[in-house]
Amino acid sequence: HESLIAFSNRNFYDSSLVVFPSAHAPSETLGIETVRVAGTWQGKTNVEEARAVVSAAADFMRRHPDKSFGIVAMNQPQRECIHEELERRVAGDDELTDYM
């Protein structure tokens, strides 16, 4: 989807990349979104950000059990932080467990 490359195209490539338009406009279940989180970056991780990502993922799973989604982290330590938070959130929640 063109929205996934728009930031890089604008900020790193001076909008010089030619990107074909997507067949679908961004919507609640398609595209990307920026959400500000009041967390702090420590040791290559941001726990508050991980919690916000997992909250958004859990909300998506509940509202759209028939759709898939992906989470992208900027580094391995943050990926692990998100993964651990997701495991905590899913544990004991039958709806999230079924989705996973």
Side-chain angles (χ1 to χ4, degrees):
H1 193 276
E2 64 184 314
S3 65
L4 296 174
I5 195 66
F7 177 86
S8 292
N9 192 17
R10 189 174 49 254
N11 292 287
F12 298 108
Y13 298 100
D14 295 321
S15 298
S16 64
L17 296 178
V18 176
V19 181
F20 292 98
S22 174
H24 304 283
S27 67
E28 180 185 22
T29 60
L30 178 66
I32 58 174
E33 176 183 1
T34 300
V35 177
R36 292 217 180 265
V37 177
T40 57
W41 187 256
Q42 295 179 336
K44 297 185 180 180
T45 63
N46 183 328
V47 175
E48 292 303 316
E49 178 185 77
R51 289 180 182 144
V53 167
V54 170
S55 289
D59 183 54
F60 183 93
M61 288 186 257
R62 287 190 173 89
R63 288 185 294 119
H64 306 286
D66 59 325
K67 299 206 180 290
S68 64
F69 69 95
I71 297 172
V72 177
M74 297 304 288
N75 61 45
Q76 189 68 25
Q78 185 68 6
R79 180 225 176 264
E80 292 301 322
C81 187
I82 293 167
H83 182 76
E84 290 168 8
E85 185 64 28
L86 184 59
E87 285 182 334
R88 276 192 287 278
R89 182 70 63 93
V90 169
D93 187 316
D94 293 339
E95 190 175 14
L96 299 182
T97 299
D98 288 347
Y99 183 96
M100 297 295 285

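Here the structure is a predicted model, which means the values were calculated and not measured.
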>> Applying a strict under-4.5 Å side-chain criterion to I, L, V, M, F, W and Y, I'd like to know whether Met100 and Ile71 cluster together.
In response: yes

> If you round to the nearest 0.5 Å, how far is CZ of Arg79 from OG1 of Thr45?
Replying inline: 14.0 Å

> Can you tell me how far CZ of Arg62 sits from CG of Leu96, rounded to the nearest 0.5 angstrom?
Replying inline: 4.0 Å

>> Could you measure the distance from the CD atom of Glu48 to the CD atom of Glu85? Nearest 0.5 Å is fine.
In response: 9.0 Å

> Just by distance, do the side chain of Asp59 and the backbone of Ser55 share a donor-acceptor pair under 3.5 Å?
Replying inline: no

> What distance separates Tyr99 OH from Asp93 CG, expressed to the nearest 0.5 Å?
Replying inline: 13.5 Å

> Rounded to the nearest 0.5 Å, how far apart are CG of Leu17 and CZ of Phe12?
Replying inline: 11.5 Å

> When rounded to the nearest 0.5 angstrom, what distance separates NZ in Lys44 from CD in Glu80?
Replying inline: 13.5 Å

> In terms of hydrophobic clustering (I, L, V, M, F, W, Y; side-chain heavy atoms under 4.5 Å; direct or indirect links), are Phe7 and Ile5 co-clustered?
Replying inline: yes

> Counting N and O atoms only, with roles assigned by atom type, does the side chain of Thr97 sit under 3.5 Å from a partner on the main chain of Val90, one being a donor and the other an acceptor?
Replying inline: yes

> Can Val19 be reached from Tyr13 by stepping across I, L, V, M, F, W or Y side chains whose heavy atoms are under 4.5 Å apart?
Replying inline: yes

> Is the side chain of Gln78 donor-acceptor paired with the backbone N or O of Asn46 at a distance under 3.5 Å, no angle test?
Replying inline: yes

> Does the side chain of Cys81 come within less than 4.5 Å of Glu49's, by heavy atoms?
Replying inline: no

> Any side-chain heavy atom of Asp98 within less than 4.5 Å of one from Met61?
Replying inline: no

>> So Phe69 and His64, do their side chains get closer than 4.5 Å, heavy atoms only?
In response: no

>> Would you say that more than 12 heavy atoms from the other residues, nucleotides or ligands in this model lie under 6.0 Å from the CG of Asp14, or not?
In response: no

>> Can you give me the closest heavy-atom contact between Ile82 and Ala73, atom names plus distance?
In response: CD1-CB, 4.1 Å

